[in-house]
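Below: one structure, written as C-alpha coordinates.
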Amino acid sequence: MTELIYQVDAYQNVCDARVVDLDSDNRGIALDRTVFYPGGGGQPHDTGTFTCGEQVFVVNRVKKTGDNAFHYVFGDETLPAVGDPIHCSIDWERRFQLMRTHTALHVLCGVVFRDYGALVTGGDMEPLKGRMDFEFETMQKELVEEIEAAVNLEIGRSHQVRVEILPRAQAFQIPDLIRTKINLLPEGIQEVRVVEIVGLDLQADGGTHVNNTSEIGRIRVTDYKSKGKINKRLYIEVGPAG
Ligand SMILES: [Zn+2]
(Lines give C-alpha, C1' and ligand atoms only; values in the text may rest on other atoms or scores of the structure.)
Protein backbone atom coordinates (compact mmCIF):
# COMPACT_ATOMS: atom_id res chain seq x y z
CA MET A 1 0.00 0.00 0.00
CA THR A 2 1.51 3.33 -1.05
CA GLU A 3 1.57 6.06 1.59
CA LEU A 4 0.33 9.17 -0.22
CA ILE A 5 2.42 11.99 1.21
CA TYR A 6 0.71 14.71 -0.88
CA GLN A 7 -2.54 14.00 0.98
CA VAL A 8 -1.10 15.44 4.18
CA ASP A 9 1.64 17.72 2.82
CA ALA A 10 1.14 19.12 -0.69
CA TYR A 11 4.40 21.12 -0.39
CA GLN A 12 6.73 18.14 0.02
CA ASN A 13 8.35 17.68 -3.40
CA VAL A 14 10.96 14.99 -2.71
CA CYS A 15 10.99 11.76 -0.67
CA ASP A 16 12.93 8.54 -0.18
CA ALA A 17 11.01 5.34 -0.75
CA ARG A 18 11.34 1.64 -1.64
CA VAL A 19 10.01 -0.36 -4.57
CA VAL A 20 7.14 -2.63 -3.48
CA ASP A 21 5.79 -3.90 -6.82
CA LEU A 22 6.53 -3.78 -10.55
CA ASP A 23 4.43 -3.75 -13.70
CA SER A 24 7.33 -4.78 -15.95
CA ASP A 25 5.33 -4.92 -19.21
CA ASN A 26 4.46 -1.23 -18.90
CA ARG A 27 7.58 -0.09 -17.00
CA GLY A 28 5.53 0.71 -13.91
CA ILE A 29 7.08 0.97 -10.44
CA ALA A 30 5.03 1.00 -7.21
CA LEU A 31 6.58 2.50 -4.07
CA ASP A 32 5.84 2.24 -0.34
CA ARG A 33 5.44 6.05 -0.25
CA THR A 34 5.29 8.82 -2.81
CA VAL A 35 5.06 12.58 -3.31
CA PHE A 36 3.66 12.07 -6.86
CA TYR A 37 -0.04 12.88 -7.34
CA PRO A 38 -1.51 9.99 -9.35
CA GLY A 39 -4.24 12.09 -11.01
CA GLY A 40 -7.96 12.25 -10.32
CA GLY A 41 -10.75 14.71 -9.60
CA GLY A 42 -9.82 16.78 -12.64
CA GLN A 43 -6.20 17.29 -11.51
CA PRO A 44 -3.59 15.68 -13.80
CA HIS A 45 -0.86 13.42 -12.41
CA ASP A 46 2.58 14.78 -11.56
CA THR A 47 5.73 14.23 -13.58
CA GLY A 48 9.30 14.08 -12.25
CA THR A 49 12.25 11.77 -11.68
CA PHE A 50 13.33 8.66 -9.77
CA THR A 51 16.96 8.33 -8.75
CA CYS A 52 18.14 4.79 -7.98
CA GLY A 53 21.88 4.62 -7.33
CA GLU A 54 23.54 6.10 -10.45
CA GLN A 55 20.42 5.75 -12.56
CA VAL A 56 17.86 8.45 -13.19
CA PHE A 57 14.42 7.53 -14.56
CA VAL A 58 11.96 10.07 -15.95
CA VAL A 59 8.44 9.49 -14.61
CA ASN A 60 5.95 10.47 -17.31
CA ARG A 61 2.75 8.99 -15.90
CA VAL A 62 1.39 7.98 -12.48
CA LYS A 63 -1.70 5.92 -11.79
CA LYS A 64 -3.25 4.48 -8.66
CA THR A 65 -4.11 0.81 -9.09
CA GLY A 66 -5.78 -0.68 -6.02
CA ASP A 67 -3.78 0.48 -2.99
CA ASN A 68 -0.58 1.13 -4.92
CA ALA A 69 0.55 4.16 -6.90
CA PHE A 70 2.41 3.01 -10.05
CA HIS A 71 4.94 5.37 -11.62
CA TYR A 72 5.61 4.72 -15.32
CA VAL A 73 9.11 5.53 -16.59
CA PHE A 74 10.60 6.24 -20.03
CA GLY A 75 13.54 4.42 -21.57
CA ASP A 76 14.75 0.84 -21.79
CA GLU A 77 17.25 0.58 -18.91
CA THR A 78 16.65 -2.30 -16.49
CA LEU A 79 14.04 -1.37 -13.89
CA PRO A 80 14.96 -1.29 -10.20
CA ALA A 81 13.99 -4.42 -8.24
CA VAL A 82 11.47 -4.84 -5.43
CA GLY A 83 13.14 -3.59 -2.24
CA ASP A 84 15.47 -1.11 -3.99
CA PRO A 85 15.66 2.44 -2.58
CA ILE A 86 14.37 5.27 -4.79
CA HIS A 87 14.73 9.02 -4.39
CA CYS A 88 11.59 10.66 -5.80
CA SER A 89 11.42 14.21 -7.04
CA ILE A 90 8.43 15.87 -8.68
CA ASP A 91 8.46 18.69 -11.23
CA TRP A 92 7.64 21.27 -8.59
CA GLU A 93 6.99 24.22 -10.91
CA ARG A 94 4.26 22.28 -12.70
CA ARG A 95 2.79 20.88 -9.48
CA PHE A 96 2.65 24.30 -7.78
CA GLN A 97 0.90 25.74 -10.84
CA LEU A 98 -1.64 22.91 -10.54
CA MET A 99 -2.08 23.59 -6.80
CA ARG A 100 -2.79 27.26 -7.53
CA THR A 101 -5.15 26.40 -10.39
CA HIS A 102 -6.96 23.75 -8.34
CA THR A 103 -7.47 26.12 -5.42
CA ALA A 104 -8.66 28.87 -7.79
CA LEU A 105 -11.35 26.50 -9.05
CA HIS A 106 -12.51 25.96 -5.44
CA VAL A 107 -12.76 29.73 -4.95
CA LEU A 108 -14.81 29.90 -8.17
CA CYS A 109 -17.11 27.11 -6.87
CA GLY A 110 -17.56 28.84 -3.53
CA VAL A 111 -18.34 32.22 -5.10
CA VAL A 112 -20.75 30.86 -7.73
CA PHE A 113 -22.65 28.87 -5.10
CA ARG A 114 -22.75 31.74 -2.59
CA ASP A 115 -23.76 34.45 -5.08
CA TYR A 116 -25.97 32.50 -7.53
CA GLY A 117 -26.82 29.22 -5.78
CA ALA A 118 -25.37 27.22 -8.67
CA LEU A 119 -23.97 23.75 -8.01
CA VAL A 120 -20.85 22.40 -9.66
CA THR A 121 -21.16 19.22 -11.71
CA GLY A 122 -17.59 18.70 -12.89
CA GLY A 123 -14.29 20.26 -13.80
CA ASP A 124 -10.94 19.80 -15.42
CA MET A 125 -7.58 21.57 -15.28
CA GLU A 126 -4.08 21.86 -16.66
CA PRO A 127 -1.35 24.08 -15.21
CA LEU A 128 -2.74 27.67 -14.98
CA LYS A 129 -5.96 26.87 -16.89
CA GLY A 130 -9.19 25.25 -15.82
CA ARG A 131 -12.88 24.86 -16.46
CA MET A 132 -15.86 24.10 -14.28
CA ASP A 133 -19.37 23.02 -15.17
CA PHE A 134 -22.31 24.35 -13.16
CA GLU A 135 -26.06 23.91 -13.02
CA PHE A 136 -26.36 27.63 -13.64
CA GLU A 137 -29.48 28.50 -15.66
CA THR A 138 -29.13 32.27 -15.08
CA MET A 139 -25.51 32.46 -16.33
CA GLN A 140 -25.09 35.07 -19.05
CA LYS A 141 -22.29 37.11 -20.58
CA GLU A 142 -22.93 40.09 -18.28
CA LEU A 143 -22.01 37.99 -15.23
CA VAL A 144 -18.47 37.15 -16.41
CA GLU A 145 -16.91 40.35 -15.06
CA GLU A 146 -18.92 40.19 -11.85
CA ILE A 147 -17.80 36.62 -11.15
CA GLU A 148 -14.18 37.40 -12.02
CA ALA A 149 -14.15 40.38 -9.64
CA ALA A 150 -15.77 38.41 -6.81
CA VAL A 151 -13.27 35.54 -7.20
CA ASN A 152 -10.28 37.93 -7.18
CA LEU A 153 -11.70 39.69 -4.13
CA GLU A 154 -11.89 36.39 -2.22
CA ILE A 155 -8.39 35.35 -3.37
CA GLY A 156 -7.09 38.66 -2.00
CA ARG A 157 -8.79 38.04 1.35
CA SER A 158 -6.10 35.44 2.16
CA HIS A 159 -8.45 32.64 3.20
CA GLN A 160 -6.70 29.76 4.89
CA VAL A 161 -7.08 26.38 3.16
CA ARG A 162 -7.51 23.51 5.61
CA VAL A 163 -7.23 19.80 4.80
CA GLU A 164 -8.62 17.13 7.12
CA ILE A 165 -9.18 13.40 6.85
CA LEU A 166 -12.45 12.51 8.60
CA PRO A 167 -14.22 9.23 9.38
CA ARG A 168 -17.01 8.69 6.82
CA ALA A 169 -19.85 9.04 9.36
CA GLN A 170 -18.49 12.38 10.59
CA ALA A 171 -18.05 13.76 7.07
CA PHE A 172 -21.62 12.80 6.21
CA GLN A 173 -22.83 15.06 9.06
CA ILE A 174 -21.44 18.18 7.40
CA PRO A 175 -24.33 19.87 5.55
CA ASP A 176 -22.04 21.77 3.11
CA LEU A 177 -20.53 18.51 1.92
CA ILE A 178 -23.87 16.99 0.97
CA ARG A 179 -24.23 19.45 -1.91
CA THR A 180 -20.95 18.27 -3.44
CA LYS A 181 -22.43 14.80 -4.01
CA ILE A 182 -20.47 13.19 -1.18
CA ASN A 183 -23.32 10.66 -1.09
CA LEU A 184 -21.92 9.19 -4.32
CA LEU A 185 -18.76 8.01 -2.50
CA PRO A 186 -18.45 4.21 -2.76
CA GLU A 187 -19.53 2.34 0.41
CA GLY A 188 -16.05 0.87 0.93
CA ILE A 189 -14.45 4.27 1.53
CA GLN A 190 -14.22 4.73 5.29
CA GLU A 191 -12.34 8.02 5.41
CA VAL A 192 -13.14 11.23 3.60
CA ARG A 193 -10.54 13.87 2.85
CA VAL A 194 -12.12 17.28 3.24
CA VAL A 195 -10.66 20.49 1.76
CA GLU A 196 -12.00 23.72 3.20
CA ILE A 197 -11.35 27.26 2.05
CA VAL A 198 -12.23 28.68 5.42
CA GLY A 199 -15.35 30.80 5.15
CA LEU A 200 -15.97 30.07 1.46
CA ASP A 201 -15.93 26.48 0.24
CA LEU A 202 -15.89 22.92 1.54
CA GLN A 203 -15.43 19.81 -0.58
CA ALA A 204 -14.56 16.14 -0.38
CA ASP A 205 -11.42 16.11 -2.47
CA GLY A 206 -8.27 14.08 -3.06
CA GLY A 207 -6.21 16.74 -4.85
CA THR A 208 -3.44 19.16 -3.91
CA HIS A 209 -4.11 22.77 -2.95
CA VAL A 210 -2.16 25.80 -1.70
CA ASN A 211 -2.31 26.66 2.02
CA ASN A 212 -3.70 30.15 1.54
CA THR A 213 -5.69 31.76 -1.29
CA SER A 214 -3.13 34.61 -1.41
CA GLU A 215 -0.74 32.16 -3.14
CA ILE A 216 -3.06 31.75 -6.15
CA GLY A 217 -2.50 35.07 -7.95
CA ARG A 218 -5.22 36.85 -9.92
CA ILE A 219 -7.53 34.91 -12.17
CA ARG A 220 -9.36 35.79 -15.38
CA VAL A 221 -12.67 34.30 -16.45
CA THR A 222 -11.75 33.86 -20.11
CA ASP A 223 -14.92 32.38 -21.55
CA TYR A 224 -18.15 30.57 -20.86
CA LYS A 225 -20.25 28.15 -22.86
CA SER A 226 -23.80 26.91 -22.66
CA LYS A 227 -23.92 23.13 -22.50
CA GLY A 228 -27.73 23.14 -22.65
CA LYS A 229 -30.36 25.28 -20.96
CA ILE A 230 -29.13 24.67 -17.42
CA ASN A 231 -25.53 23.52 -17.71
CA LYS A 232 -22.89 26.22 -18.18
CA ARG A 233 -19.13 25.86 -18.44
CA LEU A 234 -16.81 28.59 -17.12
CA TYR A 235 -13.15 28.84 -18.19
CA ILE A 236 -10.46 30.48 -16.09
CA GLU A 237 -6.79 31.33 -16.39
CA VAL A 238 -4.49 31.93 -13.44
CA GLY A 239 -2.03 34.82 -13.61
CA PRO A 240 1.38 35.19 -11.95
CA ALA A 241 1.53 34.25 -8.24
CA GLY A 242 1.60 36.88 -5.51
ZN1 LIG B 1 -10.14 20.24 -5.20
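When the shell of 6.0 Å around CD of E145 is examined, it contains 12 or fewer heavy atoms from other residues, nucleotides or ligands. Residue F74 qualifies as open at atom CZ: its count of foreign heavy atoms under 6.0 Å is 12 or below.
At distances below 3.5 Å, at least one donor-acceptor pair connects side-chain atoms of T2 with backbone N or O atoms of L31. Using a distance-only test at 3.5 Å, with no hydrogens or angles considered, no donor-acceptor pair links the side chain of R162 to the main chain of N211. The main-chain N or O of I90 is never found under 3.5 Å from a side-chain atom of R95 such that the two would form a donor-acceptor pair. Remark: the backbone N or O of I219 is paired with a side-chain donor or acceptor of N152 at under 3.5 angstrom. Using modelled atom types, no side-chain atom of R131 and backbone atom of L234 make a donor-acceptor pair closer than 3.5 Å. Counting only distance, with no hydrogens or angles, the side chain of T47 and the backbone of N60 share no donor-acceptor pair below 3.5 Å. Counting only distance, with no hydrogens or angles, the side chain of T101 and the backbone of L128 share a donor-acceptor pair below 3.5 Å. Without hydrogens or angle criteria, E148 side chain to V221 main chain gives a donor-acceptor distance under 3.5 Å. Under the 3.5 Å distance criterion, the side-chain polar atoms of N68 are left unmatched by any main-chain donor or acceptor of F70. A donor-acceptor pair under 3.5 Å is absent between the side-chain atoms of T208 and the main chain of A10, judged by distance alone.
Y6 and V210 are assigned to two separate hydrophobic clusters, defined by single-linkage of ILVMFWY side chains at heavy-atom distances under 4.5 Å. If you chain together hydrophobic residues whose side chains sit under 4.5 Å apart, L79 and V82 fall into the same group. Residues V20 and V35 are members of separate hydrophobic clusters, defined by side-chain heavy-atom contacts under 4.5 angstrom among Ile, Leu, Val, Met, Phe, Trp and Tyr. If you chain together hydrophobic residues whose side chains sit under 4.5 Å apart, Y224 and L143 fall into the same group. Hydrophobic clustering, with ILVMFWY side chains joined whenever heavy atoms are under 4.5 angstrom apart, keeps I155 apart from Y235.
Using a 4.5 Å cut-off on side-chain heavy atoms (C-beta onward), I165 and Q7 make contact. Put simply, the side chain of D201 does not reach to within 4.5 Å of the side chain of V107, judged on heavy atoms. No side-chain heavy atom of K232 sits under 4.5 Å from any side-chain heavy atom of K227. Side-chain contact between D205 and V194 is absent, with no heavy atoms from C-beta onward closer than 4.5 Å. Within the 4.5 Å cutoff, the side chain of I5 has no heavy atoms near those of the T34 side chain. C109 is listed as a side-chain neighbour of M132, based on a closest heavy-atom distance under 4.5 Å. For the pair T49/V59, no side-chain contact is recorded, criterion being any heavy-atom separation below 4.5 Å from C-beta on. Between R33 and C15 the shortest side-chain heavy-atom distance falls below 4.5 Å.
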(request) Go through L200 and R114 one step at a time and tell me if the side-chain contact (heavy atoms from CB on, under 4.5 Å) criterion holds. (result) CA-CA 8 Å; L200 188 65; R114 181 196 65 194; 3.9 Å; yes
(message) Does K129 form a salt bridge (Lys or Arg N to Asp or Glu O under 4.0 Å) with E126? I'd like the steps, not just the answer.
(response) CA-CA 5 Å; K129 266 186 191 175; E126 54 187 284; 5.1 Å; no
(message) Applying side-chain contact (heavy atoms from CB on, under 4.5 Å) to E164 and R193, what does each step give before you reach the verdict?
(response) CA-CA 6 Å; E164 275 188 299; R193 186 168 176 272; over 6 Å; no
(request) Begin from the C-alpha positions of Y37 and L4 and carry the test side-chain contact (heavy atoms from CB on, under 4.5 Å) through to its verdict. (result) CA-CA 8 Å; Y37 183 65; L4 306 171; over 6 Å; no
(request) Check the pair N231 / E135 against side-chain contact (heavy atoms from CB on, under 4.5 Å), numbers first and verdict last. (result) CA-CA 5 Å; N231 294 305; E135 291 173 353; 3.7 Å; yes
(message) Run the salt bridge (Lys or Arg N to Asp or Glu O under 4.0 Å) test on D133 and R233 for me, step by step, so that the C-alpha distance in whole Å, both residues' side-chain angles and the decisive distance to 0.1 Å come before the verdict.
(response) CA-CA 4 Å; D133 295 336; R233 175 169 289 176; 2.7 Å; yes
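Rounding to the nearest 0.5 angstrom, the gap separating the OG1 atom in T65 from the CG atom in D23 is 7.5 Å. Note that the CD1 atom of I86 and the SG atom of C88 stand 7.0 Å from one another [nearest 0.5 Å]. For the atom pair H159 NE2 and N212 CG, the distance stands at 9.0 Å (nearest 0.5 Å). How far CD1 of I216 is from OG of S158: 10.0 Å, rounded to the nearest 0.5 Å. Distance check: E237 CD to T222 OG1 gives 5.0 Å after rounding to the nearest 0.5 Å. In this structure, CD on E154 lies 8.0 Å from CG on D115, to the nearest 0.5 angstrom.
The heavy-atom pair separating V112 from I147 by the smallest distance is CG2-CG2, 4.3 Å. Nearest approach of A104 to V238, heavy atoms of both residues: CB-CG2, 4.1 Å. Here the closest non-hydrogen pair linking L98 and P127 is CD2-N, 3.6 Å. The shortest non-hydrogen separation linking P44 to R94 is CB-NH2, 3.9 Å. When every heavy atom of P80 is checked against every heavy atom of V19, the shortest pair comes out as CB-CG2, 4.2 Å. D67 approaches K64 most closely through the heavy-atom pair O-CE, 4.2 Å.
The aromatic rings of F36 and H71 sit perpendicular, their planes meeting at an angle over 60°, well past the 30° parallel limit. A tilted orientation is assigned to the rings of F136 and Y116, their planes being inclined by 30° to 60°.
Only one option out of H106, Q43, R100 pairs with H209 in a side-chain hydrogen bond (donor to acceptor under 3.5 Å, both in side chains); it is H106.
Judged by the 6.0 Å distance and 45° axis criteria, R61 is positioned over the aromatic ring of Y72.
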